Structures are given as structure tokens and as C-alpha cells.
Amino acid sequence: QARSMPRRHPHAAFRHILDTGLTDAARLAGRDRAPSRPARTASVIGAQIDHVLVSQDFTATGARFPRVSGTDHRALVVDLTLHRRDRTVR
């Protein structure tokens, strides 16, 4: 049975940022293939070039790419949950 490999971003500079431990919030929310530019293009042609990057302290519970006027990008709206850190007093 073949195991699926994690998808890697095609741009080296962006991969370098992701290698610091940050994660694309849209990917966490299951929307990493939604195009953000150009806004008027069909989803199979456009590219997601706008991102919200989060640390492991967050979970993305939703992501959407609404159209906005005056730009050739779609907006990226991400719903985030901040995890509470346990603070141990010594």
C-alpha cells in the first residue's frame, strides 16, 4: 500500500520559511489549493500566492478566499484557534 508524501511548495524561498516550523494555515484548514491570484481566473489556472503562516501554537479551523474590489488578488480570511500553553511554576 503506497503512502502519500507530504506536498512540498514549489518555490525554494517559501519552502525555506516553512522549514522554520511555520505552516500554511489554509493547508491546515484543507483549503491549500484555492487560488488567490488572479481573482477572476478559474481555479485550475490561478495560484495561491497569498498565505497566512502560523506556528504550532495555532490551529486553523477555516479558510476562505472572498473576492474584494480594487485588487487582482482574493482576500484570505483564516479562522485561528490559539492553543493555551501550560505554564509550570518551579
Side-chain angles (χ1 to χ4, degrees):
Q1 191 175 38
R3 291 184 353 181
S4 64
M5 296 297 291
R7 290 181 297 213
R8 298 280 291 165
H9 198 277
H11 300 286
F14 193 72
R15 281 195 313 266
H16 180 70
I17 293 170
L18 294 176
D19 288 344
T20 67
L22 297 175
T23 304
D24 184 346
R27 175 176 277 186
L28 289 175
R31 295 293 313 267
D32 61 318
R33 295 296 180 210
S36 60
R37 184 184 180 276
R40 291 177 287 183
T41 302
S43 62
V44 295
I45 298 171
Q48 183 191 353
I49 63 170
D50 300 289
H51 301 273
V52 172
L53 301 178
V54 296
S55 69
Q56 293 178 350
D57 297 325
F58 293 89
T59 298
T61 57
R64 54 199 177 280
F65 294 85
R67 291 178 191 246
V68 292
S69 63
T71 181
D72 63 345
H73 292 250
R74 290 180 185 234
L76 171 53
V77 179
V78 179
D79 301 314
L80 298 173
T81 300
L82 174 62
H83 299 286
R84 183 177 176 168
R85 289 189 181 188
D86 292 330
R87 299 199 185 265
T88 304
V89 178
R90 295 179 192 238

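This structure is a prediction, so every number in the text was calculated from the model and none was measured. The first residue in the sequence is number 1, and the count goes up from there.
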| said: Which heavy atom of Leu22 sits nearest to which heavy atom of Ser55, and what is that distance? | reply: CD2-N, 3.8 Å
| field | Spatial distance of atom CG (Leu28) from atom OG1 (Thr61) [nearest 0.5 Å] | value | 10.5 Å
| field | Ile17 versus Thr20, closest heavy-atom pair with distance | value | O-OG1, 2.6 Å
| said: Using 0.5 Å steps for rounding, measure from the CD1 atom of Ile49 to the CZ atom of Phe14. | reply: 11.0 Å
| task | Give the minimum heavy-atom separation between Asp50 and Phe65, together with the two atoms involved. | result | O-CE2, 4.5 Å
| Side-chain donor/acceptor of Ser36 to backbone N/O of Arg74, under 3.5 Å | no
| field | Which atom of His51 lies closest to which atom of Asp24, heavy atoms considered | value | ND1-OD2, 2.9 Å
| message | Quick test of your reading of the model: are Arg37 and Asp72 salt-bridged, counting only N-O distances below 4.0 Å? | response | yes
| note | Taken to the nearest 0.5 Å, the spacing of Asp79 CG from Phe58 CZ works out to 13.0 Å
| query | How far apart are the C-alpha atoms of Val52 and Val77, what are their side-chain angles, what is the distance that settles it, and do they pass the side chain to side chain contact (heavy atoms under 4.5 Å, CB included) test? | reply | CA-CA 9 Å; Val52 172; Val77 179; over 6 Å; no
| message | Can you see whether Asp57 engages His83 through a side-chain donor-acceptor pair at a distance of less than 3.5 angstrom? | response | no
| query | Hey, what do you get for CZ (Arg64) to CG (Leu76), rounding to the nearest 0.5 Å? | reply | 9.5 Å
| query | With hydrophobic residues grouped by side-chain heavy-atom distances under 4.5 Å, do Val54 and Leu82 end up in a single group? | reply | yes
| Check: Ala25 main-chain N/O paired with Thr23 side-chain donor or acceptor under 3.5 Å | no
